[in-house]
Amino acid sequence: MDNSKPTDIQSSEKVLIIGLNTGQEDYEYSMVELAELAQANNMEVVDRLDQTLERPNAATYFGKGKVEELRNLAAAVTASTIIANDELSPSQLANLTKETGVHVIDRTALILEIFATRAKTKEAKIQVQIAQLQYQLPRLQTADNVRLDQQTGGGSGFTNRGAGETKLEMDRRVVTKQIGHLRRELARIDREEQVKRAQRDKSGIPTAALVGYTNAGKSTLMNQLVSRFGLEEDKQVFTKDMLFATLDTSVRQLNFPGNKRCLLSDTVGFVSKLPTKLVEAFRSTLTEAANADLLVQVIDYSDPHYKEMMKTTQTTLRQIGIENIPMLYVFNKADKTSNDFPTMEGDHQIIISAKDDQSVNALMKTIQGFLFKDYVTTTMLIPFDKGQVVSYLNEHGNIIETKYEAGGTRLKLELPQKDASRYQNYIVE
Ligand SMILES: Nc1nc2c(ncn2[C@@H]2O[C@H](COP(=O)(O)OP(=O)(O)OP(=O)(O)O)[C@@H](O)[C@H]2O)c(=O)[nH]1
Ligand SMILES: [Mg+2]
């Protein structure tokens, strides 16, 4: 469901993207992605400039001659901003801005801007603010130095320098204090989330988490599954054809026939070179994925770059410390590819379209196969004075038959292996 607002104001801010090709294999793709990120931020990419170098120039990112070419190109295409494909050092940013005469930002600042625009809930807003302030902190000095140089150049010397330094220190103190304040606020929200999470963990319900590159269709699939298997009162999540539609984690319960249920979570999508500070800030949001029994990686199969997107997802998961969780690969949007798509089911992968009923059911079957594969069928005889065991089994197992005998309640049931082990004393056959 597309429940987005229909109006996106088209801004005419013209930008020039620049990249340094140091021989990394995904270079071309990362530049395509940078252009998409700029568009997602309502910017118009008018041109691009690349340089092949072994490593960035420490002072200006590009080499000397290339910087001159950049200045001329920026003037020719009347770009108001230049966006670099890599995270630049504070001095690279300042020097490049000075030498080109055009406002220069880097990939990190661009992603942070997009996240700041998209953040809706208090938690997401705080997480983005922390990342933005941390990004600004080392850059305050440079901004001030530039001002200082100008002031000293103006001839008023010592007094201004002194005032400037005090201001810089003050700025730093204010920003550091603000970060501390936001961190405490976030910790408070996290504690509330942790309580909810602990309750869910205690329930022992298996969990699956949707992960993957941004715009792959995670939230759309979540809604499809919730509308079929979810609780009636559960709300749909936000979906839209844009980068980073989701910044918050939603958890929903799904119920299946046979008294089986699971929790499904949907969260922020990934993009390559996601700023480390941002990933750190979003760590608590991503806890759902870290604790999941199954990761469901959603892939936009209709995108020619889907393989790179899978690699990005893999790298980002590793960066957050999420490893060794079983992964189901869901090749989505097969309706948009030119190939006919037979809904293909395998142990670890499935080709589907979120828009197709049969696909969604097949996906659910595959997820169930994963989450409930250790279910066993057994018969137990439970003494009448152990009523709480019978209640537990009724709640957690799939009761096939109940008989009352002299020795207690005889249950034939299907249940997770761990529960069968826990109550193995009552197993009779
Ligand atoms: N044609 C087609 N479009 C799809 C399919 N699945 C999702 N979409 C569309 O793809 C766009 C992105 O979907 P979302 O569900 O918001 O993607 P997401 O993975 O949650 O994205 P982020 O929250 O940004 O990470 C929406 O416009 C969906 O309608 C599909 O199977 N086929
Ligand atoms: Mg989403």
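Bear in mind that the values here come from a model prediction, so they are computed numbers and not experimental data. Counting convention: from 1, in listed order, for ligands and their atoms alike.
Glu33 and Ser272 share a side-chain donor-acceptor pair at under 3.5 Å. Residues Asp303 and Tyr213 bring no donor and acceptor atom of their side chains to less than 3.5 Å of each other. Side-chain contact, Gln24 with Thr22: a donor N or O sits under 3.5 Å from an acceptor N or O. Asp374 and Gln417 form no side-chain donor-acceptor contact under 3.5 Å, judged by distance and modelled atom types alone. If you check the side chains of Asn215 and Asp300, you find no donor sitting under 3.5 Å from an acceptor.
Polar contact check, Thr267 against ligand 1: no nitrogen or oxygen pair lies under 3.5 Å apart. Of the N or O atoms in Ala354, one or more lie within a sub-3.5 Å distance of an N or O in ligand 1. The shortest N or O to N or O distance between Gly217 and ligand 1 is below 3.5 Å. Residue Phe238 has no nitrogen or oxygen atom sitting less than 3.5 Å from a nitrogen or oxygen atom of ligand 1, judged on distance alone.
Screening Thr246, Leu210, Thr267 for a side-chain contact (heavy atoms from CB on, under 4.5 Å) with Ser219, the sole residue that qualifies is Thr246. Considering Asp86, Asn95, Asp106, Asn85 as possible partners of Tyr61, the one that fulfils the side chain to side chain donor-acceptor pair (under 3.5 Å) test is Asp86.
Short contacts between ligand 1 and Thr220, defined as distances under 4.0 Å to a heavy atom of the residue, involve ligand atoms 7 (C), 13 (O), 14 (P), 15 (O), 28 (C). Atoms of ligand 1 lying under 4.0 Å from at least one heavy atom of Ser353, given by number and element, are 31 (O). Of all the atoms in ligand 1, the ones that sit under 4.0 Å from a non-hydrogen atom of Phe244 are 24 (O). Every atom of ligand 1 is numbered from 1 in the order shown, and the set under 4.0 Å from a heavy atom of Lys336 is 1 (N), 2 (C). For ligand 1, the atoms lying closer than 4.0 Å to a non-hydrogen atom of Gly269 are 25 (O). Counting the atoms of ligand 1 from 1 in the order shown, those under 4.0 Å from a heavy atom of Asp335 are 1 (N), 2 (C), 30 (C), 31 (O), 32 (N). Residue contact check: Met242 has heavy atoms under 4.0 Å from atoms 24 (O) of ligand 1. Less than 4.0 angstrom separates some heavy atom of Ala245 from each of these atoms of ligand 1: 22 (P), 23 (O), 24 (O).
Residue contact annotation: Val298 has no non-hydrogen atom under 4.0 Å from ligand 1. Between Met222 and ligand 1 there is no heavy-atom distance shorter than 4.0 Å.
For the Mg ion (ligand 2), the set of nearby N, O or S atoms under 2.8 Å includes one belonging to Thr246. Residue contacts to the Mg ion (ligand 2): Thr239 brings no N, O or S atom closer than 2.8 Å.
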Audit row: Glu308, Lys311, salt bridge (Lys or Arg N to Asp or Glu O under 4.0 Å) steps and yes/no
CA-CA 5 Å; Glu308 283 100 332; Lys311 227 195 277 172; over 6 Å; no

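Taking all heavy atoms of Leu221, Thr246, Val237, Asp241 into account, the minimum distance to atom 26 (C) of ligand 1 is reached by Asp241.
Ring geometry, Tyr375 versus Phe372: the interplanar angle exceeds 60°, so the pair is classed perpendicular (tilted spans 30 to 60°).
In this structure a side-chain-to-backbone donor-acceptor pair under 3.5 Å is missing from Glu99 to Leu96.
Salt bridge Glu288/Arg252: absent, no basic N to carboxylate O contact under 4.0 Å.
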